[in-house]
Amino acid sequence: MTTLSAEARFSLADPAALLRALCEHLAEHHATVSEREGATLIALDASHAVLQVAEGVLSARVEAPDLPGLQAMKLAIASHVIELAPPGSVAGISWEGDGSSPSLLPDFQLLTVTGTELLTPHMRRIRFRGEDLARFDSLEALHVRLIIPPAGLAEPAWPMLGEDGLVSQPPADRRPVVRKYTIREIDVAAGTLAIDFVLHGDAGPGSAFAERAAAGDLIGMAGPGGRGLREAERYLFLADETGLPAVARMLACLPREAQGQAFLEIADAQEEQALDAPAGFVIRWLHRDQAAPGGTPPLLQAFEELDWEQDEPGLYVWAAMEHEAFRQVRAAARQRLRPARDQHLIVSYWRNGLSEEQHTLEKKAAARAA
Ligand SMILES: Cc1cc2nc3c(=O)[nH]c(=O)nc-3n(C[C@H](O)[C@H](O)[C@H](O)COP(=O)(O)OP(=O)(O)OC[C@H]3O[C@@H](n4cnc5c(N)ncnc54)[C@H](O)[C@@H]3O)c2cc1C
């Protein structure tokens, strides 16, 4: 098997401390760290880096079986050295070896819109064609980052991996925005996938893209990400429109003998969709137009009214919704379920009044504070 490789040297005030911090950080992101013959070995997927400290220099040699793997490893090392070193102290990174000219990001996939379909008044399915989709075909990781260029560009521009191993963005007027979405359907052999977009009409770039998308439009896709669905005796799904595509895909893929309930909060009866679910599932649509104004969020109310055994060990709860409802549902779930995180995945998919960038910053700040 061919091995590609590249090397870089980082001049640092305290390279040994930085190497320790780098190892700790990457180990938290599923890298395997070990020591071999006086060097530190960091392995990520099929790629690895060999790091050594000598005379104020941290030297890194990265090796991978293919170019995306090599570029991903260069990015992991270079970006974390910059992040962990004192601000402004690392300049002019230079990699020598394979893959030294600028390239698209290692996990970037170009998608072309092939068609659109209005599923309900506020949900639009967009179909795409793309290459190398195999890694997206898994219930272990349903989510992707869509890289959406500004409207009206004749030639979209994409983020690139520079010669220094770092991401460089196109100029501001051509810079794409990134939004998280869920793959609703995928056919790897045909090279096609579909994503269901909520049309929320307040000019967020994700929703605006879905409104205007037409056959031939290009966007980028990176990922996949997220945690998978655990095997369980019984499932409880709770989602608003943004989590509905994920619930719909999981229901369609679960074994036909699976059992559970799905509570799906939508604006009104017109937003209901036909779902392909195992026969042992009860689906309940919760219409916001029938909820008392200012009352308990419908998903929380549904959760609180559930008649079940306390601490039911065979149950798995998967929930995704707006931030305020998420906070309340998570607090209620933590009281009724075992505290171990392996029995539930409850997440905030968007936050009323905040863009995704602002929402992500708030989530990071909350995680740091916790
Ligand atoms: C892992 C993950 C998977 C997701 N999958 C999907 C999916 O498959 N389909 C999908 O439609 N969404 C999905 N979302 C939610 C989506 O990423 C957010 O709704 C995102 O904010 C939409 O971006 P935007 O550019 O339209 O709006 P932004 O620029 O992020 O926000 C602009 C304004 O619109 C408001 N807003 C954002 N979303 C909504 C909404 N749904 N309803 C009303 N107001 C809103 C914001 O509060 C803000 O005030 C997912 C989110 C995550 C984290």
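Bear in mind that the values here come from a model prediction, so they are computed numbers and not experimental data. Indexing begins at 1, ligand by ligand and atom by atom, following the structure's order.
When Pro156, Pro159, Pro205 are each tested for a side chain to side chain contact (heavy atoms under 4.5 Å, CB included) with Pro176, only one passes: Pro159.
Glu272 and His287 share a donor-acceptor pair across their side chains, judged by distance under 3.5 Å alone. With hydrogens and angles left out, the side-chain atoms of Asp45 and Ser47 include no donor and acceptor closer than 3.5 Å.
Leu199 belongs to a hydrophobic cluster with Leu118, counting contacts under 4.5 Å between side-chain heavy atoms of Ile, Leu, Val, Met, Phe, Trp and Tyr, direct or through other members.
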- [ ] Run the numbers on Glu357 and Arg179 for salt bridge (charged side-chain N to carboxylate O under 4.0 Å, His left out), then give the verdict.
- [x] CA-CA 9 Å; Glu357 291 87 351; Arg179 289 288 179 268; 3.0 Å; yes

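Sorted by chain and number, the heavy-atom contacts of ligand 1 below 4.0 Å come from His143, Arg179, Lys180, Tyr181, Thr182, Asp196, Phe197, Val198, His200, Asp202, Gly204, Pro205, Gly206, Ser207, Thr242, Pro245, Tyr349, Trp350, Arg351, Asn352, Gly353, Leu354, Ser355, Glu356.
Classified by interplanar angle (parallel below 30°, tilted 30° to 60°, perpendicular above 60°), the ring pair His80/His29 is tilted.
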